[in-house]
Amino acid sequence: MPSVLLDLLFPTDCAGCGRPGASLCARCADGLRRPRAHRPDPWPDGLPPVVVSAAYEGQVRSALLAYKERSRRDLAGPLGVALAAAVCHHVQAPGPPVVLVPVPSRRSAARARGGDHMLRLARASVAPLALLGLPVRVVPCLRVGRAVRDSAGLSATGRAANVAGAFEVASGAFGVVPRGAQRGGPIRAGPSRSPVVLVDDLVTTGATAVEATRALRAGGVKVAAIAAIAGTLRHHHSLTS
C-alpha cells in the first residue's frame, strides 16, 4: 500500500508537540539528544554516575508517556537514539563492547504495554551506537523478584522502600546470555572485560537505579554508569556546569 494512502488512513502526529507528519518531528528529536549529568538531590548511596539525554518536561515527557502508556511503538527508534546519546557520554570508542542492562518492567506493566519497554529501547540503541563505532551487547539479566507498586507520587524515601530488594539477577546471566538477548543468538559477556551500563527511560530520585545496581553487584557485576533518556528537571545540571 502506498505510503501516502497509509498516511491518510493512519495519520501520524509527533508524539512530542502534535505536529502531523512524523512520529517525532525534527525539533522534538533534537531536544532528546542533549546529554547532561543528572544528580538527584539528595544523592542516594550506591548510585553510579548518571547521564540523561533530556529533561523530563514538555515535549520529552509527552513522547515518553506516549511510548509507554499509549502503545506508540513507532517511537522506539527515536527514543533508542536518545538512549544511545546518553550511553556515548559514559563510554567512547574504541574499547571493548559495552554491556547494556535494561531496568526490567513490572510483569503487569509489561503485559499492558505488549512487552518490556526498556528491553525494546535498549535493542533500538544498538544500531545508532554501532554507527558511532561503539559495539554494545544487550543483556536483559535483571528481573523483578517481588511485587512493587507504581512509584508515581511517592517521595524519595517511599520510592527507595518500594523497590528495596525488588530486583535479582538471572542465574548464569553473565556466562551465556539467554536466547533472544540480542539478534544473532546467545553471546558471552564478561563483566570484567566489558563496561556495564544500566539503562532506563527515566531517573527521578535514583532509587530504582540504586536497587538495580545493588542486585547486579550481588551477582558479581560492577555497574560503571547509568544512562537514561530523561531526568526530572529539578534534579539535573549541565555537563558543563
Side-chain angles (χ1 to χ4, degrees), residues 15 23-24 32 50-53 63-88 90-91 97-130 134-148 150-151 163 166-189 191 194-203 208-209 211-213 215-216 219 221 223-230:
S23 298
L24 203 64
L32 275 161
V50 182
V51 165
V52 302
S53 285
L64 274 176
L65 287 176
Y67 170 69
K68 292 171 62 176
E69 310 301 341
R70 295 196 291 279
S71 301
R72 286 287 300 268
R73 293 194 186 182
D74 53 311
L75 294 169
L79 291 178
V81 172
L83 184 61
V87 172
C88 282
H90 283 308
V91 186
V98 178
V99 174
L100 300 184
V101 177
V103 172
S105 297
R106 291 176 293 120
R107 292 176 184 176
S108 58
R111 285 195 299 270
R113 296 167 181 163
D116 191 306
H117 75 285
M118 270 314 304
L119 178 56
R120 191 180 300 123
L121 290 183
R123 288 171 172 164
S125 74
V126 172
L129 286 168
L134 187 63
V136 298
R137 299 171 174 178
V138 178
V139 182
C141 61
L142 282 174
R143 60 189 180 192
V144 181
R146 67 164 181 79
V148 295
D150 191 328
S151 62
V163 297
F167 298 137
E168 57 189 23
V169 177
S171 177
F174 280 90
V176 177
V177 177
R179 187 181 304 275
Q182 184 181 7
R183 292 180 182 178
I187 58 175
R188 294 184 180 275
S194 300
V196 175
V197 177
L198 185 71
V199 295
D200 205 352
D201 59 336
L202 175 65
V203 175
T208 299
E211 166 55 23
T213 298
L216 287 166
V221 179
V223 176
I226 312 295
I229 293 172

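None of these values were measured; they are calculated from a predicted model. The figures here come from the full heavy-atom set of this structure, side chains too, leaving out hydrogens, waters and symmetry mates.
By the side chain to side chain contact (heavy atoms under 4.5 Å, CB included) test, A227 is found to be paired with A86, V87, H90, V197, V199, residues two or more places apart in sequence or in another chain being considered. Looking at residues two or more places apart in sequence or on another chain, you find no salt bridge (Lys or Arg N to Asp or Glu O under 4.0 Å) involving R120.
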(request) Take L142 and L198 through the side chain to side chain contact (heavy atoms under 4.5 Å, CB included) test and state the conclusion after the steps. (result) CA-CA 10 Å; L142 282 174; L198 185 71; 3.9 Å; yes
(request) Check the pair L216, C141 against side chain to side chain contact (heavy atoms under 4.5 Å, CB included), reporting the backbone distance first and the verdict last. (result) CA-CA 9 Å; L216 287 166; C141 61; 3.7 Å; yes
(message) T208 vs F167, test: side chain to side chain contact (heavy atoms under 4.5 Å, CB included). Steps then yes/no.
(response) CA-CA 9 Å; T208 299; F167 298 137; 3.8 Å; yes
(message) Apply side chain to side chain contact (heavy atoms under 4.5 Å, CB included) to residues L32 and S53 and explain how you reach the verdict.
(response) CA-CA 6 Å; L32 275 161; S53 285; 5.7 Å; no
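A distance-only check finds no donor-acceptor pair linking the side chain of D201 to the backbone of I229 [under 3.5 Å]. Judged by distance alone, with hydrogens and angles left aside, the side-chain atoms of S194 form a donor-acceptor pair with the main-chain N or O of P97 at under 3.5 Å. For Y67 (side chain) and H117 (main-chain N/O), a donor-acceptor pair under 3.5 Å exists by modelled atom type.
Pairing each heavy atom of L119 with each of P140, the nearest pair is CD1-CB, 3.8 Å. Between V91 and P195, the shortest heavy-atom distance links the atoms CG1-CG, 4.2 Å. The heavy-atom pair separating L24 from A63 by the smallest distance is CD1-CB, 4.0 Å.
With a 4.5 Å cut-off on side-chain heavy atoms, V101 and V221 do not count as touching. Within the 4.5 Å cutoff, the side chain of I226 has heavy atoms near those of the T213 side chain.
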Listing, residues 75-85 side-chain donor-acceptor contacts under 3.5 Å, not counting sequence neighbours, or none:
none

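To the nearest 0.5 Å, atoms CZ (R123) and CE (M118) are separated by 12.0 Å.
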